[in-house]
Amino acid sequence: MEKKKKYRLKFIFQEIDLSPGTFLIGRSPSCNLTLEDPLVSRQHIKIIITDKEATIEDLGSRNGTLLNNEPLFDASPLKHKDRMRVGSHEMIFLEENRFPSRPMRPTGAMINCPACRIPIAAGTPKCPHCNTDIGTGSMCRKCRTPSRIGDVHCAGCGALLKSQDDTTIPIELGGASSGWTSSLVVEVIEKALAARKFNHAANLLDGKIQGFDFKISAGTLDVALLLEISGFNTTLARELKQPERLEWVIRSWTTSASPMPLDLLDKILEARSDDSIIKSIGAYLEVLKTSNDTAHSRKTLVSRLENIIRENGRQ
């Protein structure tokens, strides 16, 4: 009789037994492994265990999953020492017949240390890595500073400590690891587009769009991020037949009052399926014309936009 395979999940300083069935990983307390991380969706991934194999599947998470540094698009079989990255956490899949058997805890809940950002077990009074006092209360969702029971305002940023909506926070909204995570998401989007996984790319991009809109509403303009999102959004507008994405691009450049690159304008015109964006282009043109900037790039763009309006019969 063939021996049943057994598996474990290595996560920082603990190893978790994976029993036959479905093992959920996410931010929800109902998951088998709970990760208190705003980059992690409520139900982020699932690992399905049978007598003969184990498979992993992303559950439509906002910020995506990496398997051996490659984006996970579809259900995939797991092999010994496969590495999975969920949010800011990395874990390793292990086959039990490769190491001595010993009892392990079945589930766990993790938080990020506010000082060194290394994941630690929830309820730990001090970080074992940097000795930071974690406190006995909750944790500020804005700056991730631990609070003590009875605290009304965060000691780190002054934010009011109250229950908040448990919606997944896109990586663009901040966090100590948001910089490298943002670059990682860009790489995943690029690979998704190359693999023609357009819906997956759109799901990840919409998180970045939400983050950009949040920054704009707070009075912060990141032109480099706008250019990055605009390129992706224009491609998806063409591939998914979603003209509203082109509207977002033009509206955002209008809000920024910055001249978009001419090659981006060319891509927008190539992606459009009708003349519905002409009105938005007209509004963008008027904003550019009111600027005192006499740079050649702005003048050239204004001339191009005027030609577009003229060719479409709207002077």
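With sequence neighbours left out, Phe93 forms a ring-ring contact (aromatic ring centres under 6.0 Å, His included) with Tyr7. For Phe73, the ring-ring contact (aromatic ring centres under 6.0 Å, His included) test picks out His200, with sequence neighbours left out. Considering only residues two or more places apart in sequence or on other chains, Gln43 meets the side chain to side chain contact (heavy atoms under 4.5 Å, CB included) condition with Leu24, Ser30, Cys31, Leu59.
Judged by distance alone, the side chain of Thr34 and the main-chain N or O of Ser28 form a donor-acceptor pair under 3.5 Å. Panel note: side chain Asp275, backbone Ile278; no donor-acceptor pair is recorded below 3.5 Å. Side-chain N or O atoms of Arg245 include none that pairs as donor or acceptor with a backbone N or O of Thr234 at under 3.5 Å. Side-chain atoms of Thr290 come within 3.5 Å of backbone N or O of Val287 as a donor-acceptor pair. Side-chain N or O atoms of Thr254 include one that pairs as donor or acceptor with a backbone N or O of Ile250 at under 3.5 Å. The backbone N or O of Ser276 sits less than 3.5 Å from a side-chain atom of Asp274, completing a donor-acceptor pair. Checked by atom type and distance alone, the side chain of Thr220 never pairs as donor or acceptor with a backbone atom of Ile216 at under 3.5 Å.
For the 3.5 Å distance criterion, the side chains of Ser61 and Asp58 qualify, holding a donor opposite an acceptor. For the residue pair Trp253 / Ser258, no side-chain donor-acceptor distance below 3.5 Å is found, with atom types taken as modelled. Checking Asn307 against Arg310 by side-chain atom types alone, a donor-acceptor pair falls below 3.5 Å.
Distance check: His89 NE2 to Leu35 CG gives 4.5 Å after rounding to the nearest 0.5 Å. Interatomic distance, OG of Ser76 versus CD of Glu57, reported as 10.5 Å (0.5 Å rounding). Expressed to the nearest 0.5 Å, how far CD1 of Ile48 lies from OG1 of Thr22 amounts to 5.0 Å. For the atom pair CG of Leu305 and CG of Leu288, the computed distance is 6.5 Å after rounding to the nearest 0.5 Å. In this structure, CG on Leu72 lies 10.0 Å from NZ on Lys197, to the nearest 0.5 angstrom. Here the straight-line distance linking atom CG of Asn233 with atom CZ of Phe212 works out to 11.0 Å at 0.5 Å rounding.
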(request) Before giving the answer on side chain to side chain contact (heavy atoms under 4.5 Å, CB included), spell out for Arg238 and Arg272 the whole-Å C-alpha distance, their side-chain angles and the decisive distance to 0.1 Å. (result) CA-CA 7 Å; Arg238 182 185 67 247; Arg272 65 171 179 158; over 6 Å; no
(request) Check the pair Asp206, Arg62 against salt bridge (Lys or Arg N to Asp or Glu O under 4.0 Å), reporting the backbone distance first and the verdict last. (result) CA-CA 8 Å; Asp206 287 346; Arg62 179 179 291 277; over 6 Å; no
(request) Determine, stepwise, if the pair Arg304 / Asp266 fulfils side chain to side chain contact (heavy atoms under 4.5 Å, CB included). (result) CA-CA 10 Å; Arg304 283 286 308 278; Asp266 290 336; 2.8 Å; yes
(request) Please lay out, stage by stage, how His44 and Thr65 fare under the test side chain to side chain contact (heavy atoms under 4.5 Å, CB included). (result) CA-CA 8 Å; His44 200 105; Thr65 303; 3.2 Å; yes
(message) Is there a side chain to side chain contact (heavy atoms under 4.5 Å, CB included) between Asn68 and Glu70? Walk through the geometry before answering.
(response) CA-CA 6 Å; Asn68 297 322; Glu70 293 293 330; 5.6 Å; no
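Considering only heavy atoms from C-beta on, Glu306 comes within 4.5 Å of Leu285 through its side chain. Here the side chains of Ile47 and Thr55 are not in contact, with every heavy-atom distance at 4.5 Å or above. Within the 4.5 Å cutoff, the side chain of Lys46 has no heavy atoms near those of the Ile25 side chain. Using a 4.5 Å heavy-atom threshold, the side chains of Arg8 and Leu18 count as separate. The side-chain heavy atoms of Ile49 and Ser19, taken from C-beta on, include no pair separated by under 4.5 Å.
Of the residues listed (Lys10, Glu15, Met84), the one engaging Ile92 in a side chain to side chain contact (heavy atoms under 4.5 Å, CB included) is Lys10, and it is the only one.
Closest approach of Ser252 and Leu226 over heavy atoms only: CB-CD1, 3.6 Å. The shortest non-hydrogen separation linking Pro71 to Val188 is CB-CG1, 3.4 Å. Nearest heavy atom pair, residue Asp82 against residue Pro77, reads OD2-O, 4.0 Å. Shown here for Leu264 and Ser230, the closest heavy-atom pair between the two residues is CD2-CB, 3.7 Å. Between Asn312 and Ile308, the shortest heavy-atom distance links the atoms ND2-O, 2.7 Å. Taking both residues in full, the closest heavy atoms of Ala202 and Leu240 are given as CB-CD1, 3.9 Å, listed atom of the first, atom of the second, then distance.
A salt bridge between Glu95 and Lys6 is absent, with no side-chain N of the basic residue lying under 4.0 Å from a carboxylate O of the acidic one. By the 4.0 Å N-to-carboxylate-O rule, Asp213 lies too far from Lys208 to be salt-bridged with it. Residues Arg83 and Glu90 are paired through a salt bridge, judged by an N-O separation under 4.0 Å between the basic side chain and the carboxylate.
Environment of CG in Asn69: sparse, with no more than 12 heavy atoms of neighbouring residues, nucleotides or ligands closer than 6.0 Å.
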